[in-house]
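These values consider heavy atoms only, across backbone and side chains, with no hydrogens, waters or symmetry-generated copies. Within every chain, numbering begins at 1; the chains are lettered A, B, ... in the order of the sequence lines, protein sequences first and strands thereafter.
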There are 2 protein chains.
Amino acid sequence: MNRTPGQRAGLDAGTVLRAALELLESGGVDAISMRRLADRLGVLPNAIYSHIPDRMSVLDGLLDLVLAQVRPPARGDGLARVELLMRRIWLELKRHPDLAPHLFSRQQLGPHALRLGHLTATWLAGAGLPADRAGQAMRVLMIYVIGAAAAELPPPASRPGTGRASTATFEAGLRWLLAGIATEIS
Amino acid sequence: MNRTPGQRAGLDAGTVLRAALELLESGGVDAISMRRLADRLGVLPNAIYSHIPDRMSVLDGLLDLVLAQVRPPARGDGLARVELLMRRIWLELKRHPDLAPHLFSRQQLGPHALRLGHLTATWLAGAGLPADRAGQAMRVLMIYVIGAAAAELPPPASRPGTGRASTATFEAGLRWLLAGIATEIS
DNA sequence: ACCTGAACACCGTTCAAGT
DNA sequence: ACCTGAACACCGTTCAAGT
């Protein structure tokens with residue numbers, strides 16, 4: 001290393017997360033290792049632990065970074081607005097299909113995930129769903145959206161034609177789900 | 001090792017997979033390593049490669065072992081029969097929530113996964129869905145079922161109360177999905 | 001064909017020490 | 001507080017050799 005002990009490298013959590021995003025986009029989740037991250041940042045592996053607790057937290061941060069990109073629809077009425085939001089979440093998540101499953105296994109969700117969940121539940125209630133049903137429907141929709149994103153083929157081979165087909169399937173399922181949810185409106 | 005070169009340990013793919021299942025049930029997917037597997041089988045790590053190509057294939061085999069346990073409902077009419085099958089798949093998959101996401105990332109599904117998918121599509125078509133819609137609905141249902149299983153809390157802490165709540169949520173979502181799918185019947 | 005022995009190229013994480 | 005240096009306890013996988 002060019003640096004002697006005590007010299008700063010100017011790292012922070014944001015820098016580490018941005019480097020992790022580059023690794024993710026070039027080689028998928030498996031390419032994200034603390035050591036490769038350190039290499040890319042010009043630092044020794046353990047230096048990262050001054051800014052991020054462990055590798056799991058890197059994936060957590062990455063996921064919230066991805067969800068931060070989702071722009072909730074400004075207007076729209078009832079379930080149509082929810083449908084549009086789900087579509088936007090799916091579009092963002094499916095850019096990293098192998099990262100998406102990580103959302104399932106996390107017990108503590110990030111701020112942006114919580115924000116999108118709360119928004120969804122609020123809009124569902126606003127559309128006329130009873131409070132308990134709104135919470136259930138929100139969780140069901142999230143499960144479907146995350147699952148559909150995870151089901152997209154991993155980065156390696158992006159064969160043509162499957163893109164349109166998977167979009168049609170996702171949207172068909174989303175419509176079916178919302179049609180069923182609509183029957184809960186009194 | 002007690003064995004000298006050339007002596008057999010009596011391994012085969014089935015034995016390895018059963019040992020992997022034990023590791024899975026005691027410590028989750030992360031506990032499944034080629035070296036721990038070898039330890040448990042009284043063999044050196046590389047001996048496993050005589051029976052299974054790599055670690056990914058172990059998870060593949062494990063998943064198909066789990067899906068082999070699913071007993072398709074013998075009788076029932078139309079969508080109700082599909083609903084029952086989905087419920088059974090979910091019950092089996094959610095026993096290993098951290099293994100379930102692996103079904104998403106696999107490009108080549110195992111024989112039992114294919115069998116269940118084919119059965120589902122057949123029954124959907126039998127209920128009156130057009131062929132292309134039946135295939136779509138099958139994929140949508142699988143995405144939801146696998147996602148719902150993966151969303152179950154990991155093994156470590158099984159706190160009481162969440163079990164019933166998650167079952168209710170899963171079944172509500174399944175009903176909504178099938179209600180939507182039913183509208184496709186001409 | 002099925003195993004041992006040995007090695008390669010990695011991992012995540014911790015601890016002590018320097019500034 | 002933020003980094004280096006060094007180490008610990010792991011990984012998956014490959015290759016050569018023995019029977």
Side-chain angles (χ1 to χ4, degrees), chain A residues 1-24 26-63 98-99 101-102 105-106 108 154 156, chain B residues 1-24 26-63 98-99 102 105-106 154 156:
Chain A
M1 299 300 115
N2 301 338
R3 227 171 297 99
T4 61
Q7 295 193 21
R8 309 298 163 98
L11 291 191
D12 58 20
T15 312
V16 174
L17 250 36
R18 277 190 298 275
L21 187 60
E22 292 177 23
L23 287 177
L24 176 68
S26 64
V29 166
D30 292 341
I32 303 176
S33 81
M34 301 303 271
R35 299 181 108 100
R36 263 204 277 257
L37 224 36
D39 258 19
R40 184 169 280 254
L41 294 166
V43 100
L44 288 182
N46 47 359
I48 298 175
Y49 292 85
S50 296
H51 305 99
I52 294 196
D54 51 27
R55 184 179 180 272
M56 273 306 211
S57 304
V58 174
L59 300 188
D60 283 352
L62 226 36
L63 217 24
D98 55 342
L99 181 62
H102 187 74
S105 54
R106 279 333 266 171
Q108 194 58 25
Chain B
M1 301 301 114
N2 300 339
R3 225 171 299 98
T4 61
Q7 295 194 19
R8 309 298 163 97
L11 292 190
D12 57 20
T15 311
V16 174
L17 249 36
R18 277 191 297 274
L21 187 60
E22 291 178 23
L23 288 176
L24 176 68
S26 65
V29 167
D30 292 342
I32 303 175
S33 80
M34 300 303 271
R35 298 181 108 101
R36 264 203 275 257
L37 225 34
D39 257 18
R40 183 169 280 255
L41 294 167
V43 101
L44 289 182
N46 48 0
I48 299 175
Y49 291 86
S50 296
H51 305 99
I52 294 195
D54 51 27
R55 185 179 180 273
M56 273 306 211
S57 304
V58 174
L59 301 188
D60 284 352
L62 227 36
L63 218 23
D98 54 343
L99 181 63
H102 186 73
S105 53
R106 281 331 268 174

Check: Which comes earlier along DNA chain C counting from the 5' end, the contact point of B:G10 or that of B:R35, where each point is its nearest nucleotide?
Finding: B:G10
Check: Distance between the C1' atoms of D:dA17 and C:dC2, in whole angstroms?
Finding: 13 Å
Next item on the list: Measure the distance from CG on B:L37 to P on D:dC11 and round it to the nearest whole Å.
Entry: 11 Å
Next item on the list: Report the C-alpha distance between B:V58 and B:M34 in whole Å, list the side-chain angles of each, state the deciding distance to 0.1 Å, and finish with yes or no for side-chain contact (heavy atoms from CB on, under 4.5 Å).
Entry: CA-CA 9 Å; B:V58 174; B:M34 300 303 271; 4.3 Å; yes
Item checked: DNA chain C base-pair string [pairs: Watson-Crick or G-U under 3.5 Å; |: paired with another strand] -> ||.|||||...|||||.||
Notebook entry, point to check: So, does A:R36 use its side chain to make a donor-acceptor pair with the main chain of A:A31 at under 3.5 Å?
Noted result: yes
Check: To the side chain of B:S33, which of C:dG12, D:dG12, C:dT4 is closest?
Finding: D:dG12
Next item on the list: Looking only at side-chain atoms of A:S50, point me to the closest of C:dT4, D:dT13, D:dC3.
Entry: D:dC3
Next item on the list: Write down the distance between CD1 (B:I32) and P (D:dC11), rounded to a whole number of angstrom.
Entry: 12 Å
Next item on the list: Look at B:R36 and D:dC11 and indicate whether a side-chain polar atom (N or O) is within less than 4.0 Å of OP1 or OP2.
Entry: yes
Notebook entry, point to check: If you check every side-chain atom of B:L11, which of C:dC3, D:dC2, D:dT4 has the closest atom?
Noted result: C:dC3
Next item on the list: Test A:H102 against A:V29 for side-chain contact (heavy atoms from CB on, under 4.5 Å), laying out the working first.
Entry: CA-CA 10 Å; A:H102 187 74; A:V29 166; over 6 Å; no
Notebook entry, point to check: Could you state the CG-P distance from B:L23 to D:dG12, rounded to the nearest angstrom?
Noted result: 11 Å
Notebook entry, point to check: Would you find a donor on one side and an acceptor on the other, under 3.5 Å apart, between the side chain of B:R40 and the backbone of B:A20?
Noted result: no
Note to self: Please report the distance separating the P of C:dA9 from the corresponding atom of D:dC10, rounded so that it comes out in whole Å.
What the structure shows: 22 Å
Check: Which whole-number value in Å describes the distance from B:I52 CD1 to C:dC2 C1'?
Finding: 14 Å
Check: Are A:D12 and A:T15 close enough that a side-chain donor and a side-chain acceptor fall under 3.5 Å?
Finding: yes
Next item on the list: Could you measure between the two C1' atoms, the one in C:dC11 and the one in D:dA7, and give it in whole Å?
Entry: 14 Å
Checklist line | Interatomic distance where CG belongs to B:D39 and C1' belongs to D:dA9 [whole Å] | finding: 14 Å
Checklist line | Nearest listed nucleotide, side chain of A:A47, among C:dG12, C:dT4, D:dC3 | finding: D:dC3
Next item on the list: Check the distance between C:dC11's P and A:I48's CD1 and give it to me in whole angstrom.
Entry: 11 Å
Margin query: From the set C:dT13, C:dT4, D:dT13, return the single nucleotide nearest to any side-chain atom of A:Y49.
Written below: C:dT13
Item checked: Rounded distance in Å - CG (A:L44) to C1' (C:dA16) -> 14 Å
Item checked: Atom of B:G28, atom of B:D98 and distance for their closest heavy-atom approach -> CA-OD2, 3.4 Å
Note to self: Heavy atoms from C-beta onward define the side chain here; which of D:dT4, C:dT14, D:dG12 lies closest to that of B:R55?
What the structure shows: D:dG12
Check: A:M34 side chain: which of C:dT13, D:dC11, D:dT13 is closest?
Finding: C:dT13
Check: If only side-chain N and O atoms of B:H51 are considered, is one of them under 4.0 Å from the OP1 or OP2 phosphate oxygen of C:dC3?
Finding: yes
Next item on the list: Would you confirm whether B:R55, through its side chain, and B:I32, through its main-chain N or O, come within 3.5 Å as a donor-acceptor pair?
Entry: yes
Note to self: Under a 3.5 Å cutoff, is there a donor and acceptor pairing between the side chains of A:D54 and A:S57?
What the structure shows: yes
